Amino acid sequence: MVRRCMGGDRMIVTRLRQMSLMLFAMAVSFIGFFQMFERTVGSFPSEYMMLLSVVAVLFIILWSLLLKFQPYASQSILPCVLLLTGIGITLISRIDQQKGTHVGTRQLIWLCLALVLCCILVICLRDYRVLRRFSYVSMVAGIVLLLSPMIPGLGKTIGGARIWIGIGSYSLQPGEFAKLFIAFFFAAYLFDHRDQLAVGGKKVLGLQLPRIKDLGPIMVVWAMSMGVLVIQRDLGTSLMFFAMFVCMLYVATGRKSWIVIGILAFAAGAVIASRMFAHVDNRIDAWLHPFDAKVYNRQGGSEQLVTGLFGLASGGLMGTGLGQGHPSLTPLANSDFIYSSVGEELGLTGLLAVLALYLVIIASGLITAMKIKDGFGKLLASGLVFTMAVQVFTVVGGITLVIPLTGLTMPFMAAGGSSLIANYILITLLLIISNAANKPEPELTSDTFQYEALAVLRDHELKERAKSAAQAAKDDENQPRHGAHASHASHATHADDAEDAVQATQIEDAPTIMVDDASQPEGLYDAEEQDNRDEQDDWADWRDFADDDDSPATTTSHWPTRGAQTEQVEDAQNQAAQDGNGGTPPTPPAPPQSTPRTVKGGAR
């Protein structure tokens, strides 16, 4: 009782701490909106007030549903996601004030839709393992979504990449949803074939390379990634898919050679693509020579990249402050270069805070992947986390000149409904998996566990008794009698059938006695034992006498009485002779004559 009270108090304290994190994230987001609007327009717009209230209510509902249906889910992920979303929409709304657009309100509407979908997913998807049943369906859905922008009349080319589909006045990026379905398929496939892929081949330069026949899956995914790069001219999406598969492959097999092969394969494909497509080559030139005047003034050159770098530099350590910078000068400042806008108005401190929030989410996902015992859940969690980590790295690395620009967007922060919804679904799946990973094991010393264990043992014992009783009843029904085998032999057509029936019945039903010396002939039984055997009327086992001289010193024999033996064998042979067209049944060999033997147990 005391332990239960202590456990209940600890749970209450944990829930209060989780609620305080959610309220703190909401308060920080609201203060950011309020300060930004006071500095830009001098008042808080009513449409933003209404939308922010709806978003706050939906976040509380989502948190409550997680407590009810996924009580052991990681509670450090959702507050971080809320803070990142609040920072992103605050800066998007800030850019709207300078450009006169309404992207911020649309982003809040997309956020409401994403939260509703997350609530439905939490309620309906109690166990993530059902996704494994639809592995190949997920593969087909992912490929269809990935290639849908290539459909004439549906796909749209924006920024040199054909990765969008147009629905009325809105544009949707189906690749964001395709990554979820591809992750489902990769997790199920690698879970089923991890043993074959883990087998090593030859060792080269200290690395144990995989076998040639095991390179098929990675070559198929590499070809698919290169197809996206070639057909859609999208370096970021192809890099994200290939990196996700290689990381999941490493988790499934534990072999570093897969990572080396994956990096070399993608690097080779990127170099070939840069020679074939001007769009990829321009991005590489802008990365290598961003401040070159020729590259800067060229169409698709480094102007956007250099402007973002100047915005980061103007922010300094603490930033210009919300509403006091000029992030709108950077092209695509609310989507591809949202990280540059954060650096300008919040400074290096704000950039590090944003990276710390991402780090908390990624670390929580990796801890979930390590704690979960189910192999499919381990691969799925690691795949989802690596997808987000690769996406953050490519965006931040592209803006800071670590790698070429890829065209990906920051999760939860950049403008765009498809990216926001897809990443919120990703986080919800990660929360569901973390619930299974953090679920405590039952206490072996608890009264409830002991009662359940005793109940299981009792049920097992009752089933065994019922099974034994049924088997005993069946044996009683099949036990031979004097006339039973005579009638059975009447249906035989040859004398051999009668003899086989006699032998089978002897082996199955004859009583057994352990003897010391089987080389001696049959002796006298104990009087009580002889009476019992006479009552049973068993068949004789004449094979024991035939092989008596070659039998070992200690054996198990089936010895009914000699009178029952002779009577039953003769009846069966006579009946078989009558039904077998005059055939003469073989005569069993006579038992050898030897000295009396001594039976184990003292009987003579």
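No experiment lies behind these values; they were computed from the predicted model shown.
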I'd like a table of donor-acceptor pairs (distance under 3.5 Å, sequence neighbours excluded) in which one partner is a side-chain atom from residues 107-116, with atom names and distances.
| unit_1 | atom_1 | unit_2 | atom_2 | d |
| --- | --- | --- | --- | --- |
| Q107 | OE1 | G416 | N | 3.1 |
| Q107 | NE2 | A414 | O | 3.1 |

What's the shortest heavy-atom distance between L305 and A286, and which atoms? CD2-O, 3.7 Å

Nearest heavy-atom contact between G377 and I372 is C-CG2, 3.9 Å

Can you list everything that forms a side-chain contact (heavy atoms from CB on, under 4.5 Å) with I263? Sequence neighbours excluded, please. I259

side-chain hydrogen bond (donor to acceptor under 3.5 Å, both in side chains) filter on T307, not counting sequence neighbours, yields none

With M139 via side-chain contact (heavy atoms from CB on, under 4.5 Å) - residues at least two apart: Y136, I143, F185

Please enumerate all residues that pass side-chain contact (heavy atoms from CB on, under 4.5 Å) together with S418, with sequence neighbours excluded. L172, Q173, E176, F177

Residue list, ring-ring contact (aromatic ring centres under 6.0 Å, His included) with Y358, at least two apart or on another chain: none

Search all heavy atoms of K156 against all heavy atoms of S171 and return the closest pair with its distance. NZ-OG, 3.0 Å

What residues form a side-chain hydrogen bond (donor to acceptor under 3.5 Å, both in side chains) with Y424, not counting sequence neighbours? T85

What pairs of donor and acceptor atoms, side-chain ones from residues 23-31 against any protein atom, are under 3.5 angstrom apart with sequence neighbours left out?
| unit_1 | atom_1 | unit_2 | atom_2 | d |
| --- | --- | --- | --- | --- |
| S29 | OG | A25 | O | 3.0 |

Please enumerate all residues that pass salt bridge (charged side-chain N to carboxylate O under 4.0 Å, His left out) together with R129, with sequence neighbours excluded. D127

Taking only residues at least two apart or on different chains, which pairs with a member in residues 349-358 satisfy salt bridge (Lys or Arg N to Asp or Glu O under 4.0 Å)? none

Residues which pass side-chain hydrogen bond (donor to acceptor under 3.5 Å, both in side chains) with S76, listed by chain and number, not counting sequence neighbours: S74, S364

Of all residues at least two apart in sequence or in a different chain, which pass the side-chain contact (heavy atoms from CB on, under 4.5 Å) check with T349? L317, M318

Classify the ring geometry between Y48 and F33 as parallel (under 30°), tilted (30 to 60°) or perpendicular (over 60°). tilted

